[in-house]
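Note sheet for the following structure.
All residue numbers refer to positions in the sequence shown, counting from 1.
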Amino acid sequence: MSFVIGVDIGTGSTKAVLSTLDGEVVAVARRDHAPSLPQPGWAEMDPERDWWGDVVEVLAELDTTDVAAICVSGLGPCVVQTDDDLRPRRPAILYGVDTRSTREIAEITEQLGADAILERCGKDLSSQAIGPKLAWLRRAAGDAWRPQDRWFSAHTYVVARLTGEWMLDHHTASQCDPFYDIRRQDWAADWVEAVLPGLALPRLVWPSEQVGVVRRAAAEQTGLSEGTPVVAGTVDAWAEAFSVGVRRPGDLMLMYGSTMFFVQVLPAPTSVRGLWTTSGVERGSHTLAAGMATSGTVTTWLQDLTGGAPFETLLAEAAAVPAGSEGLVLLPYFSGERTPIYDPLARGVIAGLTLRHGRGHLLRAPDTDWTRPDHVVAPDPATAPTYASLLQTFTELYPATRAQVHRLARSAL
């Protein structure tokens with residue numbers, strides 16, 4: 001009997017699954033890891049240790065003697081430049097949780113035009129985009145900048161280590177704004193040359209395409225047979241959406257993980273300010289998506305901050321807290337925010353703390369299920385103006401304090 005292997009490199013762990021050709025899971029393996037946060041606004045990983053090293057370790061736990069093919073998905077889009085031997089020039093810069101390229105976002109948006117970028121790329125430039133991160137790398141490297149260097153996301157780096165092939169799937173490429181034309185589904189070569197002259201570009205493939213086979217050196221490290229077919233793969237959220245059946249226009253997945261996402265298949269490409277239009281998993285398809293910068297990472301942060309109690313204990317404490325966390329409010333902007341506010345300098349806020357609040361309240365506050373209200377308040381007409389005034393104050397709070405919050409954030413950098 002032949003088997004297939006799927007590997008996913010996530011923000012918090014790498015997982016491998018050995019399954020039969022009809023999808024029956026035979027074995028699983030996992031290695032935990034965590035991003036490095038060397039400066040405020042920075043989120044990095046070591047590609048050799050956290051990506052390739054973890055993949056080697058999880059594959060060692062599986063029976064790889066009769067594997068028909070292997071495919072890798074990964075957190076992303078990320079970016080790491082390497083030399084010709086696939087040695088990283090520096091740690092990999094992660095997806096939208098890394099907000100260091102704020103200056104480059106502003107400069108490129110001014111250079112190309114916000115409306116033109118939205119129309120051609122399907123989204124505004126944000127901390128999710130790879131183009132500004134590559135521009136940051138050029139600025140940081142100075143005279144040592146090598147535009148001919150190959151650059152990778154998480155899964156494509158592992159594919160390169162397995163096969164020696166340099167490629168990028170269309171979905172990941174469509175998050176390399178402003179370098180990908182979402183309607184033509186091809187590189188926007190003129191914008192690449194305008195922003196980063198001479199930048200080398202990988203060949204484009206669709207996630208389901210075989211891109212190579214396992215080389216001898218990789219076979220020796222992983223236990224896979226030399227010549228095992230390797231499939232391109234894509235960003236983890238889109239691989240997950242496809243795996244749960246999000247394949248036809250209108251299908252939608254809501255994903256809870258280290259970050260939170262939705263992915264919806266579109267009948268045709270569109271441009272919606274505040275959301276992301278991307279190429280999909282299947283050839284020629286498009287999706288609409290949005291993602292917060294943090295969700296599960298906030299619960300992990302709280303777990304570490306409060307002594308490392310098991311999640312079962314934390315969840316039991318949170319379940320005992322009523323909806324609304326008894327007035328405690330937590331804004332989860334712990335790594336800036338992606339959609340819908342596109343503010344890399346937004347910061348987390350915990351408001352309304354009292355001596356009554358405990359750890360369970362803190363865990364429940366960002367995760368309250370607002371779709372199932374505890375009860376509905378219908379204010380007396382005599383007090384309605386007061387409610388309206390409070391609502392207006394609440395909705396104006398963030399923009400009214402934006403400048404001060406940003407000044408404080410910059411002073412901490």
Which value, rounded to the nearest 0.5 Å, describes the distance between Arg146 atom CZ and Thr82 atom OG1?
-> 11.0 Å
Does the pair Glu107/Arg139 count as a salt bridge with the N-to-O cut at 4.0 Å?
-> yes
Relative to each other, are the rings of His170 and Trp206 parallel, tilted or perpendicular (30° and 60° limits)?
-> parallel
Looking only at atom types and distance, does a side-chain atom of Thr109 sit under 3.5 Å from a main-chain N or O of Ala106, one as donor and one as acceptor?
-> no
Between Asp169 and Arg203, is there a side-chain N and carboxylate O pair less than 4.0 Å apart?
-> no
Charged N to carboxylate O under 4.0 angstrom, Glu48 versus Arg87?
-> no
Find out whether Met292 and Thr339 are in side-chain contact, i.e. whether some heavy atom of one side chain is under 4.5 Å from a heavy atom of the other.
-> no
Any donor-acceptor N/O pair, Thr14 side chain to Ile9 backbone, under 3.5 Å | no
For Val263 and Ala237, work out which heavy atoms get closest and say how close.
-> CG2-O, 4.5 Å
Roughly how far, to the nearest 0.5 Å, is CG of Leu125 from CD of Glu110?
-> 12.5 Å
Verify the ring-centre separation between Trp301 and Phe334: is it less than 6.0 angstrom?
-> yes
Take Ile117 and Lys123 through the side-chain contact (heavy atoms from CB on, under 4.5 Å) test and state the conclusion after the steps.
-> CA-CA 7 Å; Ile117 293 171; Lys123 63 195 84 64; over 6 Å; no
Would you give the length of the straight line joining atom CD of Glu193 to atom CZ of Phe179, rounded to the nearest 0.5 angstrom?
-> 10.0 Å
Between Glu326 and His361, a side-chain donor and acceptor under 3.5 Å = yes
Just checking, is any N or O donor in the side chain of Arg89 or Gln81 under 3.5 Å from an acceptor N or O on the other one?
-> no
Heavy-atom distance under 4.5 Å between the side chains of Thr222 and Leu162, does that happen here?
-> yes
Between the side chain of Thr294 and the main-chain N/O of Pro332, is any donor-acceptor distance below 3.5 Å?
-> yes
Stepwise side-chain contact (heavy atoms from CB on, under 4.5 Å) check, Cys71 with Val7 = CA-CA 6 Å; Cys71 184; Val7 178; over 6 Å; no
If you count the non-hydrogen atoms of other residues, nucleotides and ligands that lie under 6.0 Å from CZ in Arg184, is the total more than 12?
-> yes
Using a distance-only test with no angle check, is there a side-chain donor-acceptor pair under 3.5 angstrom linking Thr278 and Thr287?
-> yes
Side chains of Arg100 and Gln39: closer than 4.5 Å at any heavy-atom pair?
-> no
Side chain proximity check, Gln175 to Gln128, heavy atoms < 4.5 angstrom | yes
Do Asp63 and Thr65 get their side chains close enough for a donor-acceptor pair, meaning under 3.5 Å?
-> yes
Side-chain H-bond candidate by donor/acceptor type, Tyr95 with Ser153, under 3.5 Å | no
dist Arg150:CZ -> Glu165:CD (nearest 0.5 Å) comes out at 9.5 Å
Under 3.5 Å, side chain of Thr64 to main-chain N/O of Ala60, donor-acceptor pair present?
-> no
Does the side-chain hydrogen bond (donor to acceptor under 3.5 Å, both in side chains) test come out yes or no for Thr20 and Asp22, once each step is laid out?
-> CA-CA 5 Å; Thr20 62; Asp22 60 5; 2.3 Å; yes
Heavy atoms of Ser335 and Thr99 approach each other most closely as O-CG2, 3.7 Å
Could you tell me whether the side chain of Asp177 reaches within less than 4.5 Å of the side chain of Ile108, counting heavy atoms only?
-> no
Donor-acceptor contact present, side-chain His33 to main-chain Asp46, <3.5 Å = no
Side-chain donor-acceptor contact under 3.5 Å, Ser127 with Tyr342 = no
For the residue pair Ala68 and Ser2, what are the closest heavy atoms and their distance?
-> CB-CB, 4.2 Å
Mind checking whether Cys121 and Ile182 have side chains closer than 4.5 Å, heavy atoms only?
-> no
Nearest heavy atoms of Tyr180 and Ala173, plus distance in Å | CB-O, 3.2 Å
Compute the ring centroids of Phe152 and Trp51, then answer whether they are less than 6.0 Å apart.
-> no
Does NZ or CZ of Arg247 lie under 6.0 Å from the centre of the six-membered ring of Phe242, at an angle within 45° of the ring axis?
-> yes
Heavy-atom pair with the smallest gap, counting every atom of His171 and Ser279 | ND1-O, 2.8 Å
Using a 4.5 Å cut-off on heavy atoms from C-beta on, say whether the side chain of Val17 contacts that of Phe3.
-> no
Is a side-chain donor or acceptor of Glu209 paired with a backbone partner of Val231 at a separation under 3.5 angstrom?
-> no
Approximate separation, where rounding is to 0.5 Å, of Asp54 CG and Ser13 OG | 8.5 Å
Report the relative orientation of the aromatic rings in Trp136 and Trp42; use parallel for angles under 30°, tilted for 30 to 60°, perpendicular for over 60°.
-> perpendicular
Under 3.5 Å, is there a donor-acceptor pair linking the side chains of His155 and Asp236?
-> no
Hey, is Glu317 close enough to Arg364 for a salt bridge, meaning N to O under 4.0 Å?
-> no
List the steps, then state whether side-chain contact (heavy atoms from CB on, under 4.5 Å) holds for Leu204 with Trp187.
-> CA-CA 9 Å; Leu204 293 174; Trp187 292 119; 3.4 Å; yes
Taking 4.0 angstrom as the limit, do Asp181 and Arg183 come out as a salt bridge?
-> no
Would you say Gln303's side chain and Ala309's backbone share a donor-acceptor pair under 3.5 angstrom?
-> yes
Looking only at non-hydrogen atoms, find the nearest pair between Asp98 and Lys133 and report the distance.
-> O-NZ, 2.8 Å
Is Ile5 close to Leu224 at the side-chain level, that is, under 4.5 Å between some pair of heavy atoms?
-> yes
Test item: side-chain donor near acceptor, Ser19 and Glu24, under 3.5 Å = no
Check: Asp251 side chain, Arg248 main-chain N or O, donor-acceptor pair, under 3.5 Å = yes
Does the pair Glu104/Arg138 count as a salt bridge with the N-to-O cut at 4.0 Å?
-> no
For Arg30, does its backbone N or O pair with a side-chain atom of Glu57 as donor and acceptor, under 3.5 Å?
-> no
Go through Leu201 and Trp151 one step at a time and tell me if the side-chain contact (heavy atoms from CB on, under 4.5 Å) criterion holds.
-> CA-CA 8 Å; Leu201 297 172; Trp151 48 275; 4.0 Å; yes
Quick one: CG on Leu288 to OG on Ser271, what's the gap to the nearest 0.5 Å?
-> 10.0 Å
Verify the ring-centre separation between Trp238 and Phe261: is it less than 6.0 angstrom?
-> yes
Do we get Arg120 above Trp191's six-membered ring, with its NZ or CZ under 6.0 Å from the centre and within 45° of the axis?
-> yes
